[in-house]
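In listed order, ligands and their atoms are each counted from 1.
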Amino acid sequence: MLDAVLAAYGFPPDTPVTPHGSGLINRTYTVRAGNDKFILQRINQDIFSSPALIAENIEKVGGYLLTHFPDAVFPRPVPALSGSTLVSTGPDGFFRLFPFIKDSITVDVVDHPGQAFEAARQFGAFTRMMTGFPVGQLHETLPHFHDLPLRYRTFREALAKGYPDRLRKAGELIGYLATQHHLVTRYEEILSNPGFKLRVTHHDTKISNVLFDRHDKGICVIDLDTVMPGYFISDVGDMFRTYLSPVSEEEGDTSRIAVRLEYFEAIVRGYLEEMIDVLTPEEKRSFVYAGEFLLYMQALRFITDYLLGDPYYGSSYEGHNYVRALNQATLLQRFSEQTPALKNIAARILATEPRSRRPSSQNEHS
Ligand code: GN1
Ligand code: MG
């Protein structure tokens with residue numbers, strides 16, 4: 001099936017293509033053509049129903065960065081022979097091609113706080129550079145993606161119509177998740193709070209969406225499919241969700257799930273390194289909520305999928321999404337237990353972080 005896609009980009013038929021990365025939604029490949037290397041990605045159209053909107057968003061972001069931050073590294077999609085950056089050759093959906101950034105590497109698991117710091121700095125830099133961009137011009141490629149009240153309602157619906165045996169098995173977990181509804185209320189307050197700004201946010205801040213150089217320095221963020229208007233808690237929260245614990249969302253042994261405070265500190269420091277002059281005082285007080293928000297939403301999404309028969313995430317073994325949901329709920333619980341320590345860390349960083357490290361920041365925002 002990839003042959004026709006490669007041909008559309010003008011690659012010869014015997015071009016080597018190998019699978020790349022481990023996301024749950026899109027399929028990614030590495031393409032080698034002589035000395036050049038590319039990343040080819042198939043957009044999962046069951047999830048992203050309008051790939052053209054993604055292409056337009058990437059175009060707008062790329063154009064803005066090129067004008068205002070010409071030195072920023074930004075992998076621009078490579079046009080096919082037709083001139084379009086989206087290729088569809090039939091029922092397999094849409095593909096895009098990106099240049100492989102020379103000497104860059106991706107990591108699947110954060111292995112020291114320095115990496116977490118660098119990743120947070122890159123996601124912070126992305127939102128900071130886009131601060132002057134009229135955020136309303138971006139399409140919502142996945143409408144209501146991080147809409148916690150909606151995720152909660154969908155969870156309640158799954159309680160009414162889910163598989164009875166699964167509802168029974170998940171009873172205790174469902175009970176715990178229901179007790180955390182106050183996190184939805186807090187989000188609803190944010191929606192009407194002028195101290196929270198809609199910003200250009202990435203919405204998928206896992207470590208493999210950052211390119212690093214060989215010395216663990218961040219180069220740029222990648223995978224802009226879910227770049228949309230959003231709140232900073234989405235990006236910071238998903239970093240907490242995916243970097244704080246020594247084990248991933250796939251881990252079934254809950255005793256191994258933990259909150260590593262030094263990673264929390266690294267993320268907050270890295271993000272503020274770029275965003276200290278951009279975030280409002282209200283936002284700066286909400287780092288801990290960011291983690292609760294995202295962990296709760298992910299636990300709700302996994303348990304909802306489990307109860308409904310795994311239509312969204314799929315499953316490789318019986319109970320897979322239950323394991324993921326229990327994992328995320330456990331991490332939420334451990335995170336909440338640490339709230340006083342986490343708040344202290346964030347407050348200490350904010351009290352010592354000098355403002356305006358970046359003399360040119362006023363111009364950048366105009
Ligand atoms: C999906 O495809 P991947 O792994 O980047 C999901 C995220 C979830 C994540 C959980 C479009 O991301 O929101 O947090 O799985 N992306 C979409 O592993 O639903
Ligand atoms: Mg993704």
Discussion item. Going by the closest heavy atom to atom 5 (O) of ligand 1, which one wins out of His146, Glu249, Lys206?
Written reply: Lys206

Fill in: Parallel, tilted or perpendicular: ring planes of Tyr317 versus His320, cut at 30 and 60 degrees
parallel

Practice prompt. Tell me which part of His203 gets within contact of ligand 1: side chain, backbone, both or neither, using heavy atoms under 4.0 Å.
Written response: neither

Discussion item. Taking only non-hydrogen atoms of Arg301, do any sit less than 4.0 angstrom from ligand 1?
Written reply: yes

Worksheet item: Does ligand 1 have an atom under 4.0 Å from some heavy atom of Arg241?
Response: yes

Fill in: Atom indices of ligand 1 within 4.0 angstrom of Leu142 heavy atoms, with elements
11 (C)

Worksheet item: Can we say Asp238 and Arg241 salt-bridge, meaning some charged N sits less than 4.0 Å from an Asp/Glu carboxylate O?
Response: yes

Discussion item. Quick check on contacts: which atoms of ligand 1 are under 4.0 angstrom from a heavy atom of Asp204?
Written reply: 5 (O)

Worksheet item: Is the shortest side-chain N to carboxylate O distance from Glu283 to Arg199 below 4.0 Å?
Response: yes

Practice prompt. May I ask you to decide if the ring planes of Phe287 and Phe232 are parallel, tilted or perpendicular, using 30° and 60° as cut-offs?
Written response: perpendicular

Item to complete: Just jot down the ligand 1 atoms closer than 4.0 angstrom to any heavy atom of Tyr313, in number order.
Response: 8 (C), 15 (O)

Item to complete: Give a yes or no on whether a salt bridge exists between Arg128 and Glu273, defined as a side-chain N under 4.0 angstrom from a carboxylate O.
Response: no

Discussion item. If the cut-off is 4.0 Å to any non-hydrogen atom of Tyr312, which atoms of ligand 1 fall inside it?
Written reply: 11 (C), 17 (C), 19 (O)

Discussion item. Does the plane of the ring in Phe69 sit parallel, tilted or perpendicular to the ring in Tyr64? Use 30° and 60° as the thresholds.
Written reply: tilted

